[in-house]
J.: 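Structure in structure tokens, see below.
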There are 2 protein chains.
Amino acid sequence: MINIDIDTKMKFLHGFSHKTRILILESIKEEEKTVSQIVDDLNGNQSNISQHLSCLKGCGLIVGRQDGKYVYYRARNQLVRDLLTMFDVVLEDVQNDIASCKNHIE
Amino acid sequence: MINIDIDTKMKFLHGFSHKTRILILESIKEEEKTVSQIVDDLNGNQSNISQHLSCLKGCGLIVGRQDGKYVYYRARNQLVRDLLTMFDVVLEDVQNDIASCKNHIE
DNA sequence: CACACATATTCATCATTGCTAATATGATAC
DNA sequence: GTATCATATTAGCAATGATGAATATGTGTG
């Protein structure tokens with residue numbers, strides 16, 4: 001495995017650090033969508049969604065293609081989809097782990 | 001797969017959203033370490049590291065055990081380690097695209 | 001007990017990020 | 001050309017997150 005620059009890695013991970021961005025990723029995980037479709041899906045603000053899409057693109061998590069006056073965005077590739085799936089897998093496991101610990105002090 | 005509450009998920013993902021926290025995770029990925037060892041490793045501030053450790057614990061990413069006056073932290077389980085490894089795998093795939101992006105949301 | 005050491009917490013300040021409204025760009029159709 | 005629609009960008013402000021100094025808590029030792 002090649003060495004990965006930490007700042008590049010943080011830029012990448014930044015993509016996952018906001019609720020709206022996660023919701024966008026989940027919305028376009030399996031099928032590409034236009035910006036307006038995503039805006040509708042999330043009941044969001046056009047400017048706001050557009051900025052988050054720009055962020056996600058910069059992070060390398062999604063790609064866009066222009067088709068006429070529309071821009072379609074989708075998850076960059078299968079690895080990114082796998083990562084999104086893995087979040088759920090690990091989180092499920094962590095939740096069970098915590099739940100099965102009857103007397104954790106917190 | 002059970003449905004995962006989005007806010008719980010965001011809390012989980014927040015653990016990966018800061019450079020110091022990623023460096024901590026990498027530092028204790030393979031072997032548990034005391035707080036002071038981590039502070040030395042990262043050349044960090046004790047208060048600051050302690051706060052990030054608290055965050056990571058709250059996110060479910062790490063666990064701590066007290067041994068005498070020391071507290072040892074380690075990655076919660078193998079899945080968390082796998083996730084950290086997967087970041088590198090996916091990043092390797094995407095690295096060139098990210099390197100040219102200078103922006104976050106702006 | 002007093003002391004030294006390891007870690008956690010508080011607090012005030014500072015820095016970064018996200019938000020919305022407004023505006024700009026770019027594409028298509030008339 | 002102009003009008004219209006889709007998307008991107010800018011700017012100022014609001015919200016959130018990170019920081020280090022100081023302090024508190026906890027743990028073993030003499």
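The chains referred to below are lettered A, B, ... by the order of the sequence lines, with proteins before strands, and numbering in each begins at 1. Keep in mind that the numbers below use all heavy atoms, side chains included, and drop hydrogens, waters and symmetry copies.
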J.: Using OP1 and OP2 only, check whether a side-chain N or O of A:Tyr72 sits under 4.0 Å from D:dA6.
T.: no

J.: Expressed in angstrom and rounded to an integer, what is the separation of A:Leu23 atom CG from C:dG18 atom C1'?
T.: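 From A:Leu23 CG to C:dG18 C1': 15 Å.
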
J.: For a quick check of understanding: with a heavy-atom distance under 4.0 Å over all strands, which category does A:Gln46 fall into, base, sugar-phosphate or nothing?
T.: base

J.: Closest nucleotide of DNA chain D for B:Ser17 versus for A:Ser50: which of these residues is on the 5' side?
T.: A:Ser50

J.: Do the side chain of A:Ser47 and the base of D:dA8 come within less than 3.5 angstrom through a donor-acceptor pair of N or O atoms?
T.: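 A donor-acceptor contact between them is absent.
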
J.: Nearest of D:dT10, C:dG18, C:dC5 to any side-chain atom of B:Lys69?
T.: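 Among D:dT10, C:dG18, C:dC5, the one nearest the side chain of B:Lys69 is C:dC5.
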
J.: For C:dC19, take OP1 and OP2 only and decide whether either is under 4.0 Å from a side-chain N or O of A:His52.
T.: yes

J.: Count the heavy atoms belonging to other residues, nucleotides or ligands that lie under 6.0 Å from NZ of B:Lys11, then report whether that count exceeds 12.
T.: no

J.: Tell whether B:Gln51 reaches the base of D:dG20 with its side chain through a donor-acceptor pair below 3.5 angstrom.
T.: yes

J.: Reckon A:Tyr70 has a side-chain N or O less than 4.0 Å from the OP1 or OP2 of C:dG26?
T.: no

J.: For D:dT19, take OP1 and OP2 only and decide whether either is under 4.0 Å from a side-chain N or O of B:Asn45.
T.: no

J.: Under 4.0 Å from OP1 or OP2 of D:dT16: is there any side-chain N or O of B:His14 that close?
T.: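 Negative; the distance criterion is not met.
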
J.: Under 4.0 Å between a side-chain N or O of B:His18 and OP1 or OP2 of D:dT19?
T.: yes

